[in-house]
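Have a look at the structure below, then the notes.
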Amino acid sequence: MEYWIWLSGLRGIGPIAQKKLLEYFKTPNRIYESSEEELVTVPGIGSSLAQSICEARSLDGAFSVLEELNQKKMKVLAYDDPLYPDLAKEWPEAPVVLYYMGTIRKSCVGQGIVGSRRCSAYGKQVAVEAAGYLAQKDIPVISGLAKGIDGYAHTACLKAGGYTIAFLGNGLDVYYPREHRELQASIIENGAVVSMYLPGTKPRPEHFPKRNGLISSWSRKLLVAEAANKSGALITAQLAKTLGREIFVPPHEIYRVSGQGTNQLLKNGATLYLKPEQLDCRDFLKEQFLSETNETTGPVANSRSKRKQNRTERKLTADEAKIQAVLISSEKNIQQIEALTGISQVCLIERLSIMELEGVVALSSCGCYKFLDC
Amino acid sequence: MASIVNSFAITGVEAYLVDVEVKAIPGQPMISIVGLGDTAVKEARERVEAAINDSRYTFPQKKVVINLAPSDLKKSGSHFDLSIAIGILIETGQLALKKEEKFGIIGELSLNSRLRACSGILPMVIAARNAGVKNIIVPRDNLREASLVAGLQVYGFESLKDVAEFLEDKKPYQADAKNAEFIGSVVMDGVDFCDVQGQDGLIEYIVVAAAGGHNLLMIGSPGCGKSMIAKRIPTILPSMTEEEALEVTKIYSVAGILKEKGGLIRNRPFRSPHHNASTNSLIGGGKDATPGEISLAHNGVLFLDEIAEFGKNTLESLRQPMEDQRVTISRVRYTNTYPASFMLVAAMNPCTCGYFGTDRCKCTDYEVMKYRQKISGPIMDRMDIQKYVRPVDFMDLSNDYKGATSESLRQRVEAARKIQQKRFAGIQGINCNSQMGNQLIKEHCILEDDGKKLLMLAYERYQYSARAYHKYLKVARTFADMEASAKIRKKDVALAIMARDLEKDRAGMTVL
Ligand SMILES: Nc1ncnc2c1ncn2[C@@H]1O[C@H](COP(=O)(O)OP(=O)(O)O)[C@@H](O)[C@H]1O
Ligand SMILES: [Mg+2]
């Protein structure tokens with residue numbers, strides 16, 4: 001393992017050149033032991049590079065890294081590890097060494113969910129619903145532990161008992177953002193937190209594009225829940241596109257700044273995302289075939305029908321019918337309902353309380369009631 | 001034999017009889033006061049000497065020892081001046097006592113022998129009556145306050161000389177004509193609930209909170225009217241019983257902030273300390289362990305605007321008093337217990353940016369939860385009613401819109417309170433629904449069948465704890481009282497379930 005760490009830590013040699021060397025020498029210790037003359041024969045390795053590789057021939061650094069990893073209960077995922085997903089290797093810049101905490105399971109590639117740090121309730125809802133769905137299907141949720149969409153995706157997945165992987169742009173022992181410290185701990189319990197950076201590495205702006213590359217490369221499909229114009233999620237989408245991954249994007253209102261980046265993705269050919277079933281993991285043909293017939297099953301539809309059962313069947317009172325009539329077109333707050341129905345607020349609260357309990361209406365966080373048609 | 005005069009000392013909001021014993025013995029001229037008096041008591045000798053000389057009496061050229069008995073209890077205050085001065089005059093034979101009855105004497109002396117008003121008159125006069133003292137002498141400015149206590153004769157004077165001549169029967173007492181019974185009236189500074197537009201639904205919960213004494217939390221974005229509504233709460237509070245009014249007046253008397261020269265406080269107090277108030281000023285303290293805002297809000301409302309901005313420790317210090325309905329303050333010199341049974345009304349923003357629930361808010365769920373956790377669980381738990389205040393869209397309102405007036409709301413509150421007073425008559429310390437314990441809840445919160453069904457539905461749906469369940473029952477009880485219904489109806493349950501918006505909010509949060 002020390003040779004792997006030595007290889008990944010070589011200065012001036014990026015993952016692409018590292019992999020060229022691996023291809024030629026097969027193992028990192030053979031690279032370590034080879035002479036300068038032999039190194040130059042590898043395509044893409046010039047004499048100066050070869051020289052610097054030879055000069056760096058010491059394992060001291062690697063050993064102390066290993067010791068630190070050991071102490072901090074961090075594990076190494078090397079490029080030749082059977083757990084290193086082939087899919088992830090499609091990315092030319094895939095690092096030869098990854099550090100992680102938690103468990104990398106056998107089938108760990110999943111679907112990525114990314115988006116803005118500062119997201120709207122809509123973006124959040126998209127991420128939460130998708131992650132919950134994937135968790136139920138035991139499909140890993142891949143994301144980046146950032147505030148906002150990332151955090152919601154991981155959290156919703158864990159809450160639904162799913163497996164999730166978070167890629168960081170900093171060392172595994174650096175908590176960024178701070179508010180996700182607990183979240184990080186529970187991801188370690190029920191998934192993995194992965195980074196290409198050594199312990200102690202601070203988050204730096206230049207780390208995040210690479211982190212995004214990891215998210216894209218470990219995902220079969222990528223859901224961009226919400227992104228404004230210059231959001232980092234767009235970089236993830238860009239990389240995913242180069243890797244040929246399908247990108248799913250929910251539509252956003254065209255006047256709203258928070259969804260302009262995602263709408264642009266749609267315009268550029270991303271798949272229109274309308275329901276979580278689109279994130280299912282079947283091969284392309286099967287998916288085409290099943291998509292029509294499968295419409296009504298799946299957990300979301302199930303929960304809807306469950307709600308229907310819960311709903312007390314009874315005739316609505318006259319007031320309730322009036323309320324229903326004004327809510328059918330769009331959700332409204334209590335003052336609007338009062339203005340439209342002429343029913344006093346206190347009576348409305350009484351009715352709405354009962355209707356909410358019976359599952360006829362639902363209250364949103366902005367204080368608006370909407371009619372639930374089943 | 002020493003000369004003995006009666007006065008009083010205060011601990012907390014209670015007072016007890018003190019014998020002021022004065023003995024003049026041959027020796028170096030000096031005056032010494034013993035009996036655990038504080039600095040204010042000790043300094044009495046300077047004021048007394050000046051006042052005696054000023055009134056053309058002579059201060060004895062002897063050693064004067066004054067003992068305040070019982071001598072093992074700490075005493076504080078400047079109100080012993082007058083009793084000490086009278087004691088010295090009697091002891092030195094300059095005052096020949098003609099009255100035969102026992103007199104209680106209270107008052108601070110100025111250097112030119114005028115009598116100054118003191119704090120704590122009310123509890124001292126009550127103590128006098130309880131000790132069987134039938135006559136009491138106070139500074140004229142305290143006369144009204146002292147007269148609040150029935151069953152003894154109160155005399156108000158302006159100077160040491162007046163008091164001395166009265167005791168010698170040289171001059172008859174002249175009652176102050178101005179001392180007609182003071183009628184406290186409900187004067188509010190012109191605010192009324194009908195100024196608040198389009199919030200009828202919310203106001204109903206405010207009314208219920210006032211009627212049942214339920215603690216109330218309002219959450220809403222800046223400018224949505226939280227402070228405006230809170231300011232109007234005093235206009236709908238039920239009037240106080242005689243007993244409650246006396247309790248409140250006692251506290252203000254001890255705190256030395258009795259206004260209107262000591263009339264009975266008839267309006268429920270409404271205190272709104274600022275969020276950078278210190279813990280001491282809030283719960284009481286300082287070197288004399290004086291009452292704090294929570295005691296000044298006794299039987300009334302403590303309003304904490306922007307509650308999330310209060311110091312964590314300051315808020316935490318409210319917990320015990322809220323539990324006990326009184327507060328005990330220990331200082332090196334004193335330990336005082338003051339009543340502190342108040343209705344807590346608080347207002348806060350829903351999140352750091354203030355706009356949670358609107359498109360403007362970009363706080364993450366974690367940040368929102370963190371912000372709300374500034375108010376600790378136990379305090380939040382005591383907020384029976386937690387309502388969102390949604391901003392009113394004035395475009396939706398017609399111009400001639402007028403809400404209910406404070407007066408009409410207050411009458412409803414009053415009616416509901418009457419029912420509660422009847423219900424809890426004879427139960428010590430319980431005046432309103434919010435104070436019910438589990439036993440009383442079981443006894444008084446009887447649900448009609450369909451009400452029970454609805455509550456069970458909510459119980460299953462939201463997975464209430466037993467505690468939360470009881471909370472809803474108490475609020476539902478008050479809703480029923482508002483319409484004088486003996487049993488709790490489905491309607492009351494439906495409304496009570498909507499009383500805790502924050503609890504529902506929590507279910508929608510995506511946090512671990
Ligand atoms: N429902 C309402 N009816 C009438 N005026 C309102 C209402 N809500 C808010 N206002 C106006 O907005 C002002 C700001 O309200 P305020 O109580 O200070 O808000 P908050 O304390 O919630 O920040 C009020 O003084 C009042 O003029
Ligand atoms: Mg305010």
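Here is the naming used below: chain letters follow the sequence lines, and residue numbers restart at 1 for every chain. In this text the structure is predicted, and so the values were computed from the model without any measurement.
- With a 4.5 Å cut-off on non-hydrogen atoms, L352(A) touches chain B through its backbone and its side chain both.
- Contact between T155(A) and V511(B) at its shortest, heavy atoms only, is CG2-C, 3.6 Å.
- Proximity to chain A (any heavy atom under 4.5 Å) is restricted, for Y205(B), to the side chain, taken from C-beta onward.
- Interatomic distance, CG of L348(A) versus CE of M498(B), reported as 9.5 Å (0.5 Å rounding).
- Within residues 142-153 of chain A, the residues approaching chain B closer than 4.5 Å by heavy atoms are, in numerical order, K147(A), G148(A), Y152(A).
- Contact annotation for R461(B): only side-chain heavy atoms (C-beta onward) come within less than 4.5 Å of a heavy atom of chain A.
- Taking CD from Q345(A) and CG from L202(B), the interatomic distance works out to 8.5 Å, rounded to the nearest 0.5 Å.
- In this structure, chain B has no heavy atom under 4.5 Å from any part of I334(A).
- Between chain B and the residues S116(A), S120(A), C119(A), the most heavy-atom pairs under 4.5 angstrom are made by C119(A).
- Contacts between V128(A) and chain B at a heavy-atom distance below 4.5 Å involve the side chain alone, from C-beta outward.
- Here the shortest heavy-atom pairing between R118(A) and T364(B) reads NH1-N, 3.8 Å.
- The salt bridge (charged side-chain N to carboxylate O under 4.0 Å, His left out) test applied to R351(A) returns E320(A), not counting sequence neighbours.
- For D492(B), no part lies under 4.5 angstrom from a heavy atom of chain A.
- Checked by atom type and distance alone, the side chain of Q335(A) pairs as donor or acceptor with a backbone atom of G198(B) at under 3.5 Å.
- Nearest heavy atom pair, residue K124(A) against residue M509(B), reads NZ-CA, 4.3 Å.
- Shown here for L357(A) and I497(B), the closest heavy-atom pair between the two residues is CD1-CD1, 3.5 Å.
- Residues A494(B) and S353(A) come closest through the heavy atom pair O-OG, 2.6 Å.
- Using a 4.5 Å heavy-atom cut-off against chain A, the contacting residues of residues 366-374 of chain B are Y366(B), E367(B).
- Of all non-hydrogen atoms in I354(A) and K490(B), the two that sit nearest each other are CD1-CE, 3.7 Å.
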For residues 348-360 of chain B, which side-chain N or O atoms pair as donor and acceptor with protein atoms under 3.5 Å away, sequence neighbours left out?
unit_1  : atom_1 : unit_2  : atom_2 : d
T358(B) : OG1    : Y355(B) : O      : 2.7
T358(B) : OG1    : R360(B) : N      : 3.3
D359(B) : OD2    : R256(A) : NH2    : 3.1

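- Open room surrounds CD on E182(A); 12 or fewer heavy atoms of other groups in view lie less than 6.0 Å from it.
- With chain B as the partner, the residue from E350(A), E179(A), H180(A) showing the most heavy-atom pairs under 4.5 Å is E179(A).
- The CG atom of N333(A) lies 14.5 Å from the OH atom of Y388(B); values are rounded to the nearest 0.5 Å.
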